[in-house]
Amino acid sequence: MSSDKVTIFYTGATGYIGGSVLQRLFEHPNRQNFDITALVRNTDKAEILEAQFSLKTVVGSLQDHEKLSTLAEDAHIVINTADCDDVDAMKAILRGMKARHDKTGDVPLLIHTSGAAELADDAGGEYSSDTIYSDLNISAIEALPPSAFHRPVTLLVVAADVDGYARTHVIMPSIIYGVGTGPLFDAGIANPHTIVVPMLMRAALQRGSVGILGKGASRWGNVHLSDTADVYIRLLDALLSSPDKVSHGREGYFFVENGEHGAEDIANSFAEPLFTLGRISVREPVQYTKEELVKYFGSEYIGRIMFTNARLTADRTRRELGWSPKHTPRDFLDGLKLEVESFVKKLDADRST
C-alpha cells in the first residue's frame with residue numbers, strides 16, 4: 001500500500017446519511033487514494049461491502065469500545081455518521097485519536113454528525129420562534145444547555161480539539177429528506193429512508209390519522225439527502241487540500257439547511273397521500289395526547305422534539321465550503337408523496353415476507 005494513502009475510519013456505513021456519503025466516497029475522483037475501513041454490525045452486509053464494493057470492514061458495533069479505539073487510532077480521518085448520542089462510543093473513538101497523536105505526533109481529523117435537534121426549544125407546536133441560529137454565531141451555540149439533545153457528544157468532540165490532540169468538525173443537518181438511491185441502496189446495504197418522516201407515518205398508520213401537536217406552528221430547517229452528502233465531500237476535500245483554512249473545534253460547526261417548513265405543512269403534506277392510499281381514516285391532522293407520544297415515539301420528550309423550533313442558517317457551510325444546495329423546501333413538501341408511497345410499499349413487502 002502506498003504510504004500517501006489517506007486512512008479513514010468510517011462509522012454508519014449502512015445508515016441513511018452514512019450510506020449516501022460512503023457512496024459519494026466510492027465515486028470520488030481520488031477514491032484510489034482513500035484507505036477506508038468501516039465498522040459494520042451485520043456480517044452479511046460486511047461481506048457484500050468487501051466483495052462488491054472493495055471496502056475493508058470490521059464487524060462490530062458502537063458498544064465494542066476497544067475496536068472503536070483501535071480503528072480510530074489507525075486512521076488519520078474519522079468520519080462518524082452513526083449514533084450522535086452515544087457518549088461512551090465517542091469517548092472510545094477519542095481515546096484512539098489521542099493515542100495516535102501521543103504516539104505519532106499526527107493531529108487526526110474528526111468529522112462528526114450531530115443534528116439540528118441540538119438547537120431545539122420546547123414549543124410543543126404552539127409557536128414559531130424568532131430565534132434563528134447561524135453556524136457563524138459561536139456565542140449563541142455555546143450558550144446551548146449541556147443537556148440539549150445531542151449536545152453531550154458534541155461537547156466531547158469540541159473538547160478534543162481544544163485539548164489539541166485532534167481537529168474536529170461538527171456537521172449539523174436539519175431534517176433530511178429524499179429517498180436514498182444508488183448501488184449501496186440497491187444492494188440492500190444502506191437504509192434509504194430518513195428517520196423523522198417514517199416515525200410520523202408509522203404513528204399515523206397505527207392510529208388511523210396523522211398526528212399534530214399544538215397549533216403546528218413550530219418550524220424546522222430541511223435539506224435534501226444529496227445536498228447533505230455534498231457537505232461531507234466538500235468538507236473532506238477542503239481538509240485534504242487546505243486544512244488550515246477550515247474552521248475547527250469551537251468554531252467548527254457546519255449547519256446544513258436550505259430553507260424551512262412548519263410542522264403543520266409536513267403533517268398536511270403526508271396526510272393527503274396516506275388518505276388517498278386508504279391508510280388513514282381522516283384527512284385532517286388530529287392532536288396527539290401525551291399518552292400517544294409515549295406510545296408511538298417511546299417517550300413524551302422524543303415526541304415533542306418533532307414539534308419544536310430548530311431554525312438555522314448554514315452561513316459557514318456556504319461561505320467556507322462553497323456549498324450551493326440544489327433542492328428547496330418546495331421539493332421537500334412535494335417529495336413527501338413519493339416518500340410515503342415508497343415507505344408504504346416497503347412496509348407491505350416486509351409484511352408479506
Distance-only donor-acceptor hits, side chain of residues 45-52, under 3.5 Å, sequence neighbours excluded:
residue : atom : partner : partner atom : Å
Lys45   : NZ   : Ile189  : O            : 3.2
Glu50   : OE2  : Thr57   : N            : 3.0
Glu50   : OE2  : Thr57   : OG1          : 2.8

>> Name the residue from His261, His224, His193 that meets the ring-ring contact (aromatic ring centres under 6.0 Å, His included) definition with Tyr177.
In response: His224

[X] side chain to [Y] main-chain N or O, any donor-acceptor pair under 3.5 Å?
X      : Y      : result
Ser174 : Asn222 : yes
Ser134 : Leu136 : yes
Arg234 : Gly322 : yes
Asp121 : Ser129 : no

Taking the side chain as every heavy atom from C-beta outward, state whether [X] and [Y] have any atom pair closer than 4.5 Å.
X      : Y      : value
Asp86  : Gln63  : yes
Thr308 : Ser218 : no
Arg41  : Leu62  : no
Lys215 : Tyr127 : no
Asn30  : Leu240 : no
Arg311 : Tyr133 : no
Glu292 : Thr289 : yes
Val256 : Ile171 : yes

In Å, rounded to the nearest 0.5 Å, how long is the span from [atom1] of [X] to [atom2] of [Y]?
X      : Y      : atom1 : atom2 : result
Asp334 : Leu336 : CG    : CG    : 8.5 Å
Leu119 : Tyr253 : CG    : OH    : 9.5 Å
Asp265 : Arg219 : CG    : CZ    : 6.0 Å

> For the residue pair Leu236 and Leu25, what are the closest heavy atoms and their distance?
Replying inline: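 That closest heavy-atom pairing would be CD2-CD2, 3.5 Å.
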
Quick one about [Y] and [X] (side-chain donor to acceptor, distance below 3.5 Å, no hydrogens or angles considered), yes or no?
X      : Y      : value
Thr317 : Asp135 : yes
Asn33  : His28  : no
Glu257 : Thr313 : no
Asp85  : His150 : yes
Arg316 : Asn137 : no
Arg207 : Ser209 : yes

Do other residues, nucleotides or ligands put more than 12 heavy atoms under 6.0 Å from [X] [atom1]?
X      : atom1 : answer
Leu277 : CG    : yes
Lys67  : NZ    : yes
Glu66  : CD    : no

[X] bridged to [Y] by N-O distance under 4.0 Å:
X      : Y      : result
Asp122 : Arg304 : yes
Lys56  : Asp35  : yes
Asp106 : Arg100 : yes

>> If you take the centroid of each ring, where Trp contributes its six-membered ring, are Phe343 and Phe270 closer together than 6.0 Å?
In response: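 No, the ring centres sit 6.0 Å or more apart.
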
